[in-house]
Amino acid sequence: PDTIMVIMKSSRGLQIAFGIYKRSHHSVGIIGAPFSKGQPRDGVEKGPDLIRAAGLVEKLKAQGCAVKDYGNLTFEEVANDEPVGRVKRPRAVGSANKRLSAAVHAVKSDGHTCVMLGGDHSLAIGSILGHAASKAELSVVWVDAHADINTPLTSPTGNIHGQPMSYLIHELQSKIPVLPNFSWIKPCVSAKDIVYIGLRDVDPEEHYILKSLGIKAFSMSEVDRLGIAKVMEQTGDYIFSKVKKPIHLSYDIDALDPSITPATGTPVVGGLTYREGIYITETICQTGLLSAVDLVEVNPKRGRTEDEISSTVSAAVDLIQGCFGKLREGNHSSDYKMPVP
């Protein structure tokens, strides 16, 4: 049913509250981006097909979503992709993200909430730019063990999957040098419209950038101190204190503790529990503003056993389901708000 009448009674049998629980129908457009050149470990390009093979489309449909799968993008091989300064494989990353940006824009133009299956997190450049091209100003919620906000000049490794946010933020534009295949990239996000959740492995330079730009960030210390419910309450208050903008959720699977999602390229102990990770998606779904999702960095080659791979992929599917209204007590969206008796 699309609506369910909810009635609560006291121990004396008196009706004390009622409300309408409305099932929402999400329209989801899925695009796979099997790309690995933003970091050094192969295998992450297999993420999109593994997540699909775990039943993502069928499970979303079963919970009432309309789903269109746009398939996987193909990316051209770039010859002679020499480093530029510290930055590794900029031509391949720039080219792939341009392709992805156009694809995400097309999914948004078709009226769907876009789900981008990665691939490594350098793909957030194209995903967020493509989203912004259709929605103008965005709020970005970045769930990750890492801030991924190194600039090309501060990056200790040169891997672009540790840099994507720096290319997207207006306030960092002056810190970004010219790179081949990056000239099309124009910043599209303001520092005040970003919230990080789950940080626990942040480089000193990144810490300085976050502080100097006043970016809202909840490290795992804050998650421990406040609890995930308070973190999400404060995230909502922060996002909604200004004009309500469409939300781009960029979710790195390594935000979860590696005991749950070990098959990823840069695992960091002490991460979000499964329950905390799912709660984030449930809460963002409840805002009604979720407009695009990235789910990245699932890498089967980093799993030591089939169980480790399966656990990681299953968690990825569950996170995406949570984004579109699956609650742990049932498959209904969370539109119902209990009135005060």
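The structure presented is a predicted model; accordingly, all values stated were derived computationally and were not measured. Reckoned from all heavy atoms, side chains included, excluding hydrogens, waters and symmetry mates.
- Of the residues listed (D203, D252, D254), the one engaging H146 in a side chain to side chain donor-acceptor pair (under 3.5 Å) is D254, and it is the only one.
- In terms of heavy atoms, P164 sits closest to G162 at CD-C, 3.6 Å.
- Here the shortest heavy-atom pairing between Y238 and A191 reads OH-O, 4.4 Å.
- Judged purely by atom type and a 3.5 angstrom limit, T283 uses its side chain to pair as donor or acceptor with the backbone of Y279.
- With hydrogens and angles disregarded, a donor-acceptor distance shorter than 3.5 Å links the side chain of T273 to the backbone of E276.
- Rounded to the nearest 0.5 angstrom, S122 OG and N159 CG are separated by 9.5 Å.
- Here the side chains of P152 and L179 are in contact, with some heavy-atom distance below 4.5 Å.
- Using a 4.5 Å cut-off on side-chain heavy atoms (C-beta onward), H121 and S250 make contact.
- Here the straight-line distance linking atom OG of S314 with atom CD1 of I309 works out to 11.5 Å at 0.5 Å rounding.
- Around the CZ atom of F240, the shell of radius 6.0 Å holds more than 12 heavy atoms that belong to other residues, nucleotides or ligands.
- Side-chain atoms of T261 never come within 3.5 Å of backbone atoms of T312 as a donor-acceptor pair (strictly under, hydrogens ignored).
- Crowding of K108 atom NZ: a count of heavy atoms from other residues, nucleotides or ligands under 6.0 Å exceeding 12.
- Put simply, I128 and V296 are part of the same group of oily side chains (I, L, V, M, F, W, Y) that touch within less than 4.5 Å, one to the next.
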Next on the checklist: Determine whether H105 and S109 satisfy the following criterion, side-chain contact (heavy atoms from CB on, under 4.5 Å), listing intermediate values before the conclusion.
Outcome noted: CA-CA 6 Å; H105 185 242; S109 297; 3.8 Å; yes

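- The two residues L210 and A147 make their nearest non-hydrogen contact at CD1-CB, 4.2 Å.
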Item to check | Evaluation steps, side-chain contact (heavy atoms from CB on, under 4.5 Å), between S166 and N150 | outcome: CA-CA 6 Å; S166 73; N150 271 302; over 6 Å; no

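- A heavy-atom distance below 4.5 Å is not found between the side chains of V268 and P258.
- In this structure, the side chain of K244 does not engage the main chain of S241 through any donor-acceptor pair within 3.5 Å.
- Using a 4.0 Å cut-off between charged side-chain N and carboxylate O, D81 and R89 make no salt bridge.
- Residues in residues 32-61 take part in these ring pair (Phe, Tyr, Trp, His ring centres under 6.0 Å) pairs, two or more places apart or across chains: F35-F75.
- The shortest side-chain heavy-atom distance between V87 and Q163 falls under the 4.5 Å cut-off.
- Side-chain atoms of T287 come within 3.5 Å of backbone N or O of I284 as a donor-acceptor pair.
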Next on the checklist: Could you walk me through whether H248 and S291 satisfy the side-chain hydrogen bond (donor to acceptor under 3.5 Å, both in side chains) test, starting with their C-alpha distance in whole Å, then the side-chain angles of each, then the deciding distance to 0.1 Å, before giving a yes or no?
Outcome noted: CA-CA 6 Å; H248 188 109; S291 184; over 6 Å; no

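- In summary, R328 and E282 engage in a salt bridge, as defined by a charged side-chain N under 4.0 Å from a carboxylate O.
- The same ILVMFWY cluster, assembled from side-chain heavy atoms under 4.5 Å apart, contains both L56 and Y251.
- Hydrophobic cluster membership differs between I253 and L199, with clusters built from Ile, Leu, Val, Met, Phe, Trp and Tyr side chains linked at under 4.5 angstrom.
- Residues V231 and L290 fall within the same hydrophobic cluster, defined by Ile, Leu, Val, Met, Phe, Trp and Tyr side chains chained together at heavy-atom separations under 4.5 Å.
- Linking ILVMFWY side-chain heavy atoms closer than 4.5 Å, directly or via other members, places L129 and L123 in a single hydrophobic cluster.
- Around the CD atom of E76, the shell of radius 6.0 Å holds no more than 12 heavy atoms that belong to other residues, nucleotides or ligands.
- Between the side chain of S95 and the backbone N or O of A92, no donor-acceptor pair lies under 3.5 Å.
- Using the six-membered ring where Trp is involved, Y70 and H112 have ring planes that are perpendicular, over 60° apart on the 30 and 60° scheme.
- Between the side chain of S311 and the backbone N or O of I260 there is at least one donor-acceptor pair closer than 3.5 Å.
- The 12-atom threshold is not exceeded at NZ of K98, counting heavy atoms of other residues, nucleotides or ligands nearer than 6.0 Å.
- At a threshold of 4.5 Å between non-hydrogen side-chain atoms, the residues V195 and I215 do not count as touching.
- The side-chain heavy atoms of N97 and W184, taken from C-beta on, include a pair separated by under 4.5 Å.
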Checklist entry - Can S127 and D294 be said to form a side-chain hydrogen bond (donor to acceptor under 3.5 Å, both in side chains), step by step? => result CA-CA 8 Å; S127 182; D294 307 326; 2.5 Å; yes

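- Listed for the N181 side chain is a donor-acceptor partner under 3.5 Å among the backbone atoms of R91.
- Within the 4.5 Å cutoff, the side chain of L172 has heavy atoms near those of the I149 side chain.
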Item to check | Worked verdict on D120 versus S36 for side-chain hydrogen bond (donor to acceptor under 3.5 Å, both in side chains) | outcome: CA-CA 6 Å; D120 71 60; S36 64; 5.6 Å; no

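- The two residues E308 and R302 come nearest to each other via the heavy atoms OE1-O, 4.4 Å.
- Interatomic distance, CG of L295 versus CD1 of I320, reported as 4.0 Å (0.5 Å rounding).
- S219 and E222 are linked by a side-chain donor-acceptor pair at a separation below 3.5 angstrom, with hydrogens and angles left out of the test.
- Rounded to the nearest 0.5 angstrom, T151 OG1 and M165 CE are separated by 13.5 Å.
- For an aromatic pair to be called close, the ring centres must be under 6.0 Å apart, and F182 with Y167 satisfies this.
- Smallest separation of non-hydrogen atoms from T264 and P267: O-CD, 3.4 Å.
- Every residue was checked against the ring pair (Phe, Tyr, Trp, His ring centres under 6.0 Å) condition with H161, not counting sequence neighbours, and none meets it.
- In summary, E206 and K211 do not engage in a salt bridge, as defined by a charged side-chain N under 4.0 Å from a carboxylate O.
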Next on the checklist: Apply side-chain hydrogen bond (donor to acceptor under 3.5 Å, both in side chains) to residues D257 and Y274 and explain how you reach the verdict.
Outcome noted: CA-CA 8 Å; D257 191 79; Y274 174 88; over 6 Å; no

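- Within a 6.0 Å sphere centred on NE2 of H170, other residues, nucleotides and ligands contribute more than 12 heavy atoms.
- In this structure, the separation between NZ on K216 and OG on S139 is 13.5 Å, given to the nearest 0.5 Å.
- The distance from atom CD1 of I31 to atom CG of D69, rounded to the nearest 0.5 Å, is 9.0 Å.
- Side-chain contact between L50 and P300 is present, with heavy atoms from C-beta onward closer than 4.5 Å.
- Judged by distance alone, the side chain of Q63 and the main-chain N or O of F324 form a donor-acceptor pair under 3.5 Å.
- N72 and R52 share a side-chain donor-acceptor pair at under 3.5 Å.
- Look at K230 and E233 and you find a salt bridge, because one of the NZ, NE, NH1 or NH2 atoms lies within 4.0 Å of a carboxylate O, short of that distance.
- Looking at every heavy atom in both residues, P48 comes nearest to A33 through CG-N, 3.8 Å.
- Side-chain N or O atoms of R86 include none that pairs as donor or acceptor with a backbone N or O of V84 at under 3.5 Å.
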